[in-house]
Amino acid sequence: MMKKIGVLIETENGSVKESCFGMITLASQGDAGLYALAFDSPDNRMSDTLAEYGIHTIVDLGLSGDDAGKMNPDIRARAVVAAVREFDLDGIFGLSTAEGKDLVPRVAALLDAPLVMDCVDVDIEKRIGKTSQYSGKVLADIQLTGDIVVFGIRPNAIRAVASPVQTKMVSMDQNLSSPLTLVSWDGGKEDDAAVSLSEADIIVAGGRGMKNGENFSLLFDCAEKMNAAVGASRVAVDEGWVPYALQVGQTGEKVSPSVYLACGISGSIQHFAGMKTAKMIIAVNTDENAAMIANSDYYVLGDLFEILPELIAQL
Ligand SMILES: Cc1cc2nc3c(=O)[nH]c(=O)nc-3n(C[C@H](O)[C@H](O)[C@H](O)COP(=O)(O)OP(=O)(O)OC[C@H]3O[C@@H](n4cnc5c(N)ncnc54)[C@H](O)[C@@H]3O)c2cc1C
């Protein structure tokens, strides 16, 4: 049993990312003490939301220096390791987001601790991470041994449940802001229009049935109205219609949104490998024998070029 768990907090525009709350709910099984490890100095609003979900201690990792130091994943990882030592943590939970994939394995490597990424569940008592293998055909239970164990959690895989507690804030002064390490930070570039694919609650995705890149504007219009992200099949990416960052599947993003709207996507095993954990699948397809229809919760049998404009008009 892990007694003290550190949860790596990701933020967006100064607020805790929604997908952190499911991860905190997962980490709060049993009676483990929960430590939120924050890279930005937490304000009152942030500590209130973290307390709402069961965080006992908020640790300001003390990276309040320049952005170069704060964003550098190498420095972040060393700051986390210092907190692990300081608070004697025996488990670390982070998200399997782009940011988390850059950080969580570094933390595990520095601690020489075992790691499972992209977990859809964790049994804390048994130290087991559940993650998909072989293109999603198998859900493997991977049991970790060691003094400290590290889990990367798939965003949105766990439903967040509020569990308010009293929380206290502690600050570390790590003075790690000078980039002494192998990675330097050249500044970030964010596409502020786009909702992150791996963390989106709703995804509208297109495949070969979209016919060309221009037609993807139908999906972008639809996504904008629903605060959704746009995804794509590999065919749409290979054809150059949309960038690779939008690919969902075995060799693309693994997503767990509440709703996945698949337009003109047949439903290959490789595509399902990336989205089968969606809570609701809606297919739009002209072929009633498409696997996407067979595996959907709801489907519309018809031409997406009629259905999407109508959907946009309704929205
Ligand atoms: C090693 C490997 C890794 C792979 N990794 C991935 C991956 O990560 N992600 C991925 O997606 N694929 C991946 N693939 C490719 C995968 O096998 C399929 O080729 C691909 O998913 C098919 O894409 P699609 O569904 O868009 O195209 P298709 O299979 O051609 O399906 C197009 C669908 O659109 C429908 N359609 C056509 N016109 C319309 C219309 N007007 N209205 C409504 N419906 C219409 C058709 O009925 C059909 O069902 C991988 C393959 C391999 C071998």
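In listed order, ligands and their atoms are each counted from 1. Throughout, numbering of the chain's residues begins at 1 and tracks the sequence.
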Basic-acidic side-chain contact under 4.0 Å: D123, R127
no
Is the shortest distance from a Lys or Arg side-chain nitrogen in D118 or R154 to a carboxylate oxygen in the other one below 4.0 Å?
yes
Please confirm whether the backbone N or O of K211 pairs with a side-chain atom of N215, one donor and one acceptor, at under 3.5 Å?
no
Which residues pass the salt bridge (charged side-chain N to carboxylate O under 4.0 Å, His left out) test with D141, not counting sequence neighbours?
K130
Any side-chain heavy-atom pair from Q270 and T251 closer than 4.5 angstrom?
no
Is atom CD of E18 surrounded by more than 12 heavy atoms (other residues, nucleotides or ligands) closer than 6.0 Å?
no
Check each N or O atom of ligand 1 against all protein N or O atoms and list the pairs under 3.5 Å, with atom names and distances to 0.1 Å, one per line.
from	atom 1	to	atom 2	distance (Å)
ligand 1	5 (N)	T251	OG1	2.7
ligand 1	8 (O)	Q247	NE2	2.9
ligand 1	8 (O)	Q250	N	3.0
ligand 1	8 (O)	T251	N	2.9
ligand 1	8 (O)	T251	OG1	3.0
ligand 1	9 (N)	V248	O	2.8
ligand 1	11 (O)	R234	N	2.9
ligand 1	11 (O)	H271	ND1	2.8
ligand 1	17 (O)	Q270	OE1	2.8
ligand 1	21 (O)	S268	OG	2.8
ligand 1	23 (O)	S233	OG	3.4
ligand 1	25 (O)	S266	N	2.8
ligand 1	25 (O)	S266	OG	3.1
ligand 1	26 (O)	R208	N	2.8
ligand 1	26 (O)	S233	OG	2.6
ligand 1	29 (O)	S266	OG	2.6
ligand 1	30 (O)	R208	NE	2.6
ligand 1	31 (O)	S266	N	3.4
ligand 1	31 (O)	S266	OG	3.4
ligand 1	34 (O)	G264	O	3.0
ligand 1	41 (N)	D303	OD1	2.9
ligand 1	42 (N)	L304	N	2.9
ligand 1	44 (N)	T286	N	3.3
ligand 1	47 (O)	N285	OD1	2.7
ligand 1	49 (O)	N285	OD1	3.3
ligand 1	49 (O)	N285	ND2	3.0

